[in-house]
Amino acid sequence: MNKNKLKKIVKKIFLNFGLNNQHAEISSNYILRAELFGASSHGLTRLKMYCNRLKRKLINPKPKIKIKRISQSISHIDANNAIGFVAADIGIKKAISSAKKTGFGLVGIKNSGHYGLSSFYAEQAVKKKLMVWCFTNAPPAIAPFGSKKALFGTNPLCFGTPTGNKTPFILDTSASIINRGKIRRAKKLGLSIPSGSALDKYGNPTTNAKKALEGVQLPIAGFKGSGLAWMVDIISGVLTGANHGGKVKDPFDDFTGPQNVGHLFIVIKPSIFVGKSYLPQIRKNIKAVKRLPKSSRIKQILYPGEKKYANYKKNFKKSIEIPKNILKEINKLNVIK
Ligand SMILES: NC(=O)c1ccc[n+]([C@@H]2O[C@H](COP(=O)([O-])OP(=O)(O)OC[C@H]3O[C@@H](n4cnc5c(N)ncnc54)[C@H](O)[C@@H]3O)[C@@H](O)[C@H]2O)c1
């Protein structure tokens, strides 16, 4: 479907489910952006989930978002259970404006919801020539190392920096082998998941998406990934006052209350220590990696974010393909109310 037409439909659905015009605009843009970046796990397949929670007021359609200024550089946001896209959009913009003024911006957010891809927020800072770290916690998916029970979310770690060329460096990875959205989407479309990414509820490796959702996802690099997921839970949840320690609610099937996800954004001016030499030095740094001899299976050494930006350029010119049962969901949502 044509992306402008699709954007209008998604925005209209959000308006029908109670978001105001500005919040529907922000949320529909992020959903479309995920599709264009080739991250369908965080695009249209999640629209029904957001609407289910808006209908039950577990996402507050008319939030009163409070921004508490702690210093010129630091703010704390209570998102009042706003849709995560809006809470995070306000948060990153605040962190960017603080960093522009003081060289450093730190924003913690509580009472938020699922905010999509961390790179959505990282790229805003990078476009303003700033460096950025974005964190969010998520509902239980990974068993902490040594345990059989899921407790940590797939808690992404995201870092972005200007590179001196048009394509930013944005590393945006789950603490799990693959993100949970890929498993949910695979279940919906009857697809299998990569081996080595999950265990079923009996602790056996599985490529069956349904069994993986009933079991646990595997962290990247064993106990090291488990430790990274834990760190993200602490800085996004414990530090900000959001839910943590396995208490973030699953947006798909836990309707006992709002999710209370936490996010943390750190933004800095890359010039703070080395002045104007940051950009020439990072260009040199990237060149040094790209010039290395390549392993036989690799055509080109890429830096994080390059592939996604190439996807975006390619997809921007094309219409968006929507699998049949996701289109069915969208059509149903479009006639409700
Ligand atoms: N909101 C949430 O609760 C939540 C939770 C988990 C994950 N997520 C999102 O899911 C996405 C991560 O999904 P994933 O863990 O399946 O990872 P992924 O496959 O999307 O990629 C992870 C990283 O590896 C980089 N990469 C990929 N191929 C590369 C290559 N050939 N060379 C160099 N770098 C390469 C990508 O640019 C990216 O930065 C992120 O955008 C994250 O924010 C969101």
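Both counts, for ligands and for their atoms, begin at 1 and track the order of listing. Fair warning: this is a prediction, and the values are worked out from it, not measured in the lab.
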Under a 4.0 Å heavy-atom limit, does [X] contact ligand 1 with its side chain, its backbone, both, or neither?
X: His42; result: side chain
X: Ser174; result: both
X: Ile170; result: backbone

Sub-4.0 Å atoms of ligand 1 with respect to non-hydrogen atoms of [X]:
X: Pro156; answer: 4 (C), 5 (C), 6 (C), 7 (C), 8 (N), 42 (C), 43 (O), 44 (C)
X: Ile178; answer: 16 (O)
X: His114; answer: 1 (N), 2 (C), 3 (O)
X: Asp172; answer: 12 (C), 22 (C), 23 (C), 38 (C), 39 (O), 40 (C), 41 (O), 42 (C), 43 (O)
X: Ala138; answer: 3 (O)

Decide whether an N or O pair under 3.5 Å exists between [X] and ligand 1.
X: Ser118; value: yes
X: Asn179; value: yes
X: Asn137; value: no
X: Lys308; value: yes

Problem set entry | atom 35 (C) of ligand 1: any protein heavy atom closer than 4.0 Å | no
For this session: Only counting residues at least two apart or in another chain, list the ones meeting side-chain contact (heavy atoms from CB on, under 4.5 Å) with Lys48.
Result: Asn52, Glu329, Leu333
For this session: Tell me, please, which residues at least two apart from Leu36 pass side-chain contact (heavy atoms from CB on, under 4.5 Å).
Result: Lys3, Tyr312, Asn315, Phe316, Ile320
For this session: Establish, yes or no, whether the cationic atom of Arg184 lies under 6.0 Å from the six-membered ring centre of Phe252 and within 45° of the ring axis.
Result: yes
Which residue owns the protein heavy atom closest to [atom], what's the atom, and how far is it?
atom: atom 19 (O) of ligand 1; value: Lys182 NZ, 3.2 Å
atom: atom 26 (N) of ligand 1; value: Pro304 CA, 4.8 Å
atom: atom 6 (C) of ligand 1; value: Thr154 OG1, 3.1 Å
atom: atom 24 (O) of ligand 1; value: Leu171 CD1, 4.5 Å
atom: atom 33 (C) of ligand 1; value: Leu302 O, 3.5 Å
atom: atom 28 (N) of ligand 1; value: Lys307 NZ, 3.8 Å

Please determine, by modelled atom types, if [X] and [Y] share a side-chain donor-acceptor pair under 3.5 angstrom.
X: His114; Y: Tyr50; result: yes
X: Asn21; Y: Lys11; result: yes
X: Thr206; Y: Asn208; result: no
X: Asn80; Y: Lys66; result: no

Problem set entry | Heavy-atom proximity to atom 1 (N) of ligand 1, best of Gly38, Gly116, Cys134, Ser41 | Gly116
Exercise. Using 30° and 60° as the class limits, which term best fits the ring planes of Trp133 and Phe159: parallel, tilted or perpendicular?
Worked result: tilted
Exercise. Pick one: which of Arg185, Lys188, Lys182 meets side chain to side chain donor-acceptor pair (under 3.5 Å) with Thr45?
Worked result: Lys188
For this session: Mark yes or no for whether Tyr121, through its side chain, and Phe265, through its backbone, hold a donor-acceptor pair below 3.5 Å.
Result: no
Problem set entry | Validation row: Pro194, Ile178 side chains within 4.5 angstrom (heavy atoms) | yes
For this session: Give the minimum heavy-atom separation between Ala242 and Lys110, together with the two atoms involved.
Result: N-CB, 3.8 Å
For this session: For Lys128 and Ile96, work out which heavy atoms get closest and say how close.
Result: CG-CG2, 4.1 Å
For this session: Could you establish whether Gly305 and ligand 1 come within less than 4.0 Å of each other, counting only heavy atoms on the residue side?
Result: yes
